[in-house]
Amino acid sequence: MKYKLKIEYNGHFFCGWQRQNNGISVQKTLEDAISVFTKCDTKIIGAGRTDAGVHAIEQVAHFSSDKNLDPYNLQKCINNNVNNLPVVVNDIEKVPNDFHSISSAKSRSYIYKIINRHPILTFQKYLYHHEKFPMDIALLEQAAKIFIGTHDFSSFKSIKCQSKSPIKTIYDVQIEREQYTDAIVIKFNANSFLHHQVRNMVGAMIYVAIGKFSLEYLNYVMEAKNRNLSAPTISPDGLYLHKIYY
């Protein structure tokens, strides 16, 4: 049997999604909790390998088991055995054996949250990016349009990126205000993303919005396919894996 999990977590407390030797990962935390229920080692595969500090509103993962597990009791067991870490499984369902959390996905969306003010962040720290310089939202929106479509995103990928191709398709970029906090929320929807692509695009967009880059220069960076020409990689604090679409 194959099982699909919908997962939420605060990435600040983890070294990332992927299992690592030097920190607490979301993947291993969940695998250990599942094994309490199945009484055997279990490997789960997540749809997105979020980095250290990156959050998830709805990460998706799957695992297989020879046993016919009850999803409701499995969910309760996992959530009771994550060692008080900020990760929770919100839903589990049985899926066909040909389902795969990565290859079955049609698109993915990430959001990036920015609080734009001079005073430091207090209780929003680690959940939002803090930008102290005034941002021109009209310029931010114009910068976002440059990324929409199918492009070579070499200027916005990590040097450690292992993707076979830098060409990705961004279907849409939306910018809105978050209720109550008045934070700026940027939502990207794409077929898939390169390593650090969202953080690097947002960093370049902010540079445009605060006047460090012109729109013409951002277009030049895109065409140059040279990571060294763009803005630094922005912090993971405001980044959330929003949803995986199947």
Side-chain angles (χ1 to χ4, degrees), residues 1-67 69-95 97-105 107-112 126-127 157-158 160-164 190 192-199 233 235-246:
M1 299 292 295
K2 187 171 280 190
Y3 301 85
K4 174 185 174 186
L5 293 73
K6 293 182 179 179
I7 307 153
E8 171 187 320
Y9 51 86
N10 182 327
H12 176 68
F13 296 87
F14 296 96
C15 65
W17 165 266
Q18 193 170 9
R19 192 187 308 105
Q20 298 180 40
N21 295 325
N22 61 344
I24 301 171
S25 69
V26 180
Q27 183 182 32
K28 189 176 187 305
T29 298
L30 292 174
E31 287 175 345
D32 289 348
I34 293 170
S35 295
V36 172
F37 190 82
T38 62
K39 308 301 182 185
C40 61
D41 291 340
T42 303
K43 182 179 180 181
I44 63 174
I45 299 175
R49 293 183 178 181
T50 53
D51 290 331
V54 178
H55 317 292
I57 296 171
E58 191 177 284
Q59 166 77 285
V60 173
H62 78 265
F63 75 93
S64 297
S65 175
D66 294 333
K67 301 177 181 179
L69 307 174
D70 178 70
Y72 177 74
N73 288 326
L74 174 60
Q75 179 186 0
K76 286 201 303 181
C77 180
I78 294 171
N79 291 337
N80 287 334
N81 286 280
V82 293
N83 301 319
N84 294 317
L85 289 165
V87 54
V88 65
V89 174
N90 286 321
D91 184 66
I92 299 179
E93 62 176 312
K94 296 177 181 179
V95 290
N97 285 328
D98 62 354
F99 174 84
H100 194 283
S101 59
I102 299 175
S103 59
S104 297
S107 67
R108 297 161 171 81
S109 64
Y110 279 83
I111 59 176
Y112 198 90
Y126 306 123
L127 298 177
K157 69 173 185 175
S158 164
K160 298 180 180 179
C161 183
Q162 298 178 351
S163 179
K164 293 180 180 178
S192 60
F193 294 90
L194 301 167
H195 189 215
H196 285 176
Q197 182 182 345
V198 174
R199 289 166 62 186
T233 302
S235 76
D237 292 348
L239 183 60
Y240 296 74
L241 174 54
H242 173 249
K243 193 172 182 65
I244 313 292
Y245 299 91
Y246 294 94

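Predicted, not measured: the structure shown is a model, and the values here were computed from it.
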For [X] and [Y], work out which heavy atoms get closest and say how close.
| X | Y | answer |
| --- | --- | --- |
| W17 | S25 | O-CB, 3.5 Å |
| I7 | A61 | CD1-CB, 3.8 Å |
| I92 | P71 | O-CB, 3.5 Å |
| A105 | I244 | CB-CG2, 3.6 Å |
| A33 | C77 | O-SG, 4.1 Å |
| I57 | E8 | O-CB, 3.8 Å |

Query raised in the report: Is the CG atom of L127 crowded by more than 12 outside heavy atoms at less than 6.0 Å?
Result: yes
Query raised in the report: Does N80 CG have over 12 foreign heavy atoms under 6.0 Å away?
Result: yes
Could you check whether any side-chain heavy atom of [X] comes within less than 4.5 Å of a side-chain heavy atom of [Y], counting everything from C-beta outward?
| X | Y | result |
| --- | --- | --- |
| R49 | H195 | no |
| L5 | F63 | yes |
| F193 | S163 | no |
| P236 | D51 | no |
| Y246 | V60 | yes |

Requested in this report: Might you work through the side chain to side chain contact (heavy atoms under 4.5 Å, CB included) test for I102 and R108, ending with a clear yes or no?
Outcome: CA-CA 10 Å; I102 299 175; R108 297 161 171 81; 3.8 Å; yes
I'd like to know if the side chain of [X] reaches the main chain of [Y], judged simply by a donor and an acceptor atom lying under 3.5 Å from each other, with no hydrogens or angles considered.
| X | Y | value |
| --- | --- | --- |
| H55 | G238 | no |
| N10 | H12 | yes |
| Y110 | A190 | no |
| Y3 | L69 | yes |
| Q27 | I44 | yes |
| K94 | M1 | no |
| Q75 | V89 | yes |
| T50 | G16 | no |

**Report entry** Stepwise side chain to side chain contact (heavy atoms under 4.5 Å, CB included) test for R19 and K43
**Finding:** CA-CA 10 Å; R19 192 187 308 105; K43 182 179 180 181; 3.9 Å; yes
Query raised in the report: Considering the options H62, K2, Q59, K4, which one meets the side chain to side chain donor-acceptor pair (under 3.5 Å) requirement together with S101?
Result: H62
Report summary line: Between T29 and the options I78, V87, N81, I34, the side-chain contact (heavy atoms from CB on, under 4.5 Å) test singles out V87
Nearest-0.5 Å distance, [atom1] of residue [X] to [atom2] of residue [Y]:
| X | Y | atom1 | atom2 | result |
| --- | --- | --- | --- | --- |
| T42 | F37 | OG1 | CZ | 11.0 Å |
| S103 | D98 | OG | CG | 9.0 Å |
| T38 | K67 | OG1 | NZ | 5.5 Å |

